[in-house]
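Written below as structure tokens is the structure these notes are about.
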Amino acid sequence: MKNPIAQILVSAVLSVLIVAAGLALYDHTVIRPALVIGMVDVAEIYRAKETEFTQLLTRTTLEEDRQKALLMARAFAQRLPVALEELPRDCSCLVILKSAVAGPTPHTLDLTPLLRRKVDAP
């Protein structure tokens with residue numbers, strides 16, 4: 001018959017390894033992603049589009065160009081909410097306004113360029 005202390009020791013070591021693997025998996029899949037915060041400067045994107053729209057309207061007197069500018073503004077107004085909804089899925093993180101962040105951390109991502117690409121995409 002085997003030594004009962006050796007069996008208990010092997011069982012304890014296996015239990016510790018299984019618990020450690022479970023904790024590592026939990027940390028990797030639940031805890032660390034929850035620490036990431038995405039921030040986005042919607043006001044900056046809005047101001048840039050507003051400036052672009054205003055320049056388009058003031059540069060031209062042709063009705064065709066004015067209609068083009070209005071279509072551009074309408075498309076932006078439709079794409080912005082959709083793009084904002086997609087951001088948390090894209091980064092697997094909480095997304096907040098940049099103005100709500102008191103100071104960046106190593107776990108803070110600036111998602112403004114990604115939002116700009118999504119809004120500017122045709």
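It should be emphasised that the depicted structure is a prediction, and the values quoted were computed from it without experimental measurement.
- In terms of the side chain to side chain donor-acceptor pair (under 3.5 Å) criterion, residue partners of Gln67 (sequence neighbours excluded) are, by chain and number, Glu63.
- Applying the side-chain contact (heavy atoms from CB on, under 4.5 Å) test to Leu84 and every residue at least two apart in sequence or in another chain returns Val40, Val42, Leu80, Leu87, Leu115.
- Leu17 belongs to a hydrophobic cluster whose remaining members, ordered by chain and number, are Val13; membership requires side-chain heavy atoms of ILVMFWY residues under 4.5 Å apart, directly or through intermediates.
- The side-chain contact (heavy atoms from CB on, under 4.5 Å) search around Ala48 returns none, not counting sequence neighbours.
- A salt bridge is defined here as a Lys NZ or Arg NE, NH1 or NH2 lying under 4.0 Å from an Asp or Glu carboxylate O, and Arg79 with Asp120 fails to meet this definition.
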Checking Leu114 against Cys91 for the side chain to side chain contact (heavy atoms under 4.5 Å, CB included) test, could you report, in this order, the C-alpha distance in whole Å, the side-chain angles of both residues, the deciding distance, and whether it holds?
CA-CA 10 Å; Leu114 176 61; Cys91 74; 5.9 Å; no
Is there a side chain to side chain contact (heavy atoms under 4.5 Å, CB included) between Gln7 and Asn3 once you walk through the steps?
CA-CA 7 Å; Gln7 288 179 341; Asn3 185 355; over 6 Å; no
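- In this structure, Met72 is not a member of the same hydrophobic cluster as Phe76, with clusters built from ILVMFWY side-chain heavy atoms closer than 4.5 Å.
- Within 6.0 Å of CG on Leu71 lie more than 12 heavy atoms contributed by other residues, nucleotides or ligands.
- Looking at residues two or more places apart in sequence or on another chain, you find a side-chain contact (heavy atoms from CB on, under 4.5 Å) between Val10 and Leu14.
- Looking at residues two or more places apart in sequence or on another chain, you find a side-chain contact (heavy atoms from CB on, under 4.5 Å) between Ala73 and Phe53.
- For the pair Gly38 and Cys93, the tightest heavy-atom approach, listed with the atom from each and the gap, is N-SG, 3.7 Å.
- Residues Leu97 and Val119 share a hydrophobic cluster, clusters being chains of Ile/Leu/Val/Met/Phe/Trp/Tyr side chains in contact below 4.5 Å.
- A 4.5 Å side-chain heavy-atom check between Leu62 and Arg66 finds every atom pair outside the cut-off.
- Residues satisfying the salt bridge (Lys or Arg N to Asp or Glu O under 4.0 Å) test with Glu86, not counting sequence neighbours, are Lys118.
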Set out, in order, the CA-CA distance, both residues' side-chain angles and the distance that settles side chain to side chain contact (heavy atoms under 4.5 Å, CB included) for Met39 and Leu111, then state yes or no.
CA-CA 6 Å; Met39 61 181 175; Leu111 300 175; over 6 Å; no
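- Hydrophobic cluster membership for Val19: Leu23 (Ile, Leu, Val, Met, Phe, Trp, Tyr linked by side-chain heavy atoms under 4.5 Å, directly or transitively).
- One finds the OG1 atom of Thr54 at 13.0 Å from the CZ atom of Arg47 (value rounded to the nearest 0.5 Å).
- Under the side-chain hydrogen bond (donor to acceptor under 3.5 Å, both in side chains) criterion, the residue pairs touching residues 106-116 are Glu44-Arg116, Thr105-Thr108, Asp110-Thr112, with sequence neighbours excluded.
- No continuous path of hydrophobic side-chain contacts links Tyr46 to Leu70 [ILVMFWY only; heavy atoms under 4.5 Å].
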